[in-house]
Amino acid sequence: MVSEELHERVREIIRSIPRGRVASYGDIAALASAPTPRLVGRILSEDGHDLPWHRVLRANGTPAPGLARRQLELLRAEGVLADGEKVSMREYRWRP
DNA sequence: GCCCTGACGCAAG
DNA sequence: CCTTGCGCCAGGG
């Protein structure tokens, strides 16, 4: 199990991503001092329903397979456009 | 216990 | 585009 403290830290950071911006799993992990970006994906999968989860992408700008449709749709709704399945990180990446 | 699988990543070659 | 190596963890296909 993941420490409750880290768990909440990750959630809080994701919550602070502004509309129209995105962050990578690695970005979140770094900000939360998480041991690995994969942990972020796991936390998100089991306890991310109430978070702006769609603003979290992989480092290359592609979304998680299987949720790609919904995710890109939600992003598009807030002005984040994708080229195919890839979002331009250079353009939309959130920097605290 | 062990192996596989997950919204589980990412950088380098 | 693909593969490899390193990183890390819980639940049960």
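From a predicted model like this one, the values you see are computed outputs, not experimental measurements. Below, chain A is the first sequence line, B the second, and so on; all start at residue 1.
Other residues, nucleotides and ligands contribute over 12 non-hydrogen atoms within 6.0 Å of the CZ atom of R15(A).
If you find the closest nucleotide of DNA chain B to E46(A) and to A59(A), the one lying nearer the 5' end belongs to E46(A). Nucleotides of DNA chain B nearest to N60(A) and Q71(A) differ in position, and the one nearer the 5' end is that of Q71(A).
One can place OH of Y25(A) at 19 Å from P of dC8(C), the figure rounded to the nearest angstrom. Regarding R11(A), its CZ atom lies at a distance of 15 Å from the C1' atom of dA7(B), rounded to whole Å. Separating the CG atom of L57(A) from the C1' atom of dC10(B) is a distance of 14 Å, rounded to the nearest angstrom. In this entry the distance linking CD1 of I43(A) with P of dC8(C) reads 15 Å, nearest Å. Computed from coordinates, the L67(A) CG to dG9(B) P distance equals 12 Å when rounded to whole Å. Counting to the nearest Å, the P atom of dG9(B) and the CD1 atom of I14(A) are 13 Å from each other. Separating the CD atom of E4(A) from the C1' atom of dC9(C) is a distance of 16 Å, rounded to the nearest angstrom. Between the CZ atom of R42(A) and the P atom of dA7(B) there is a distance of 12 Å, rounded to whole Å.
Hydrophobic clustering, with ILVMFWY side chains joined whenever heavy atoms are under 4.5 angstrom apart, groups L6(A) together with I17(A). When the side chains of ILVMFWY residues are joined at heavy-atom separations under 4.5 Å, either directly or via intervening members, V22(A) and I28(A) end up in two distinct hydrophobic clusters.
Comparing atom distances between the S45(A) side chain and each of dA7(B), dC10(B), dC9(C) picks out dA7(B) as nearest. Comparing atom distances between the T36(A) side chain and each of dC8(C), dC9(C), dG9(B) picks out dC8(C) as nearest. Closest approach to the P37(A) side chain among dG9(B), dA7(B), dC8(C) is made by dG9(B) (side chain taken as heavy atoms from C-beta onward). In the set dC8(C), dG9(B), dA7(B), the nucleotide with an atom closest to the side chain of P35(A) is dC8(C).
Distance check on atom C1': dC2(B) versus dG11(C) gives 14 Å, rounded to whole Å. dA7(B) and dC1(C) are spaced 23 Å apart, taking the C1' atom of each and rounding to whole Å. When the C1' atom is compared between dG1(B) and dA10(C), the two are found 15 Å apart, to the nearest whole Å.
When both pairing distances are held under 3.5 Å, dC2(B) makes no Watson-Crick or G-U pair with any nucleotide shown. The nucleotide dG13(C) finds no pairing partner, because no Watson-Crick or G-U wobble arrangement with both distances shorter than 3.5 Å includes it.
Under a 3.5 Å cut-off, the side chain of R93(A) and the backbone N or O of A23(A) do not form any donor-acceptor pair.
Within 4.0 Å (heavy atoms only), P63(A) reaches no atom of the nucleic acid at all. Among the protein residues, L39(A) comes within range of no part of the nucleic acid, since none of its heavy atoms lies under 4.0 Å from any strand. Among the atoms of the strands shown, none is found under 4.0 Å from any heavy atom of G66(A).
Between R11(A) and E8(A) a salt bridge is recorded (basic side-chain N to carboxylate O distance below 4.0 Å). A salt bridge does not link E12(A) with R9(A): none of the charged nitrogens is closer than 4.0 Å to a carboxylate oxygen.
At the phosphate of dC10(B), OP1 or OP2 sits under 4.0 Å from a side-chain N or O atom of S24(A).
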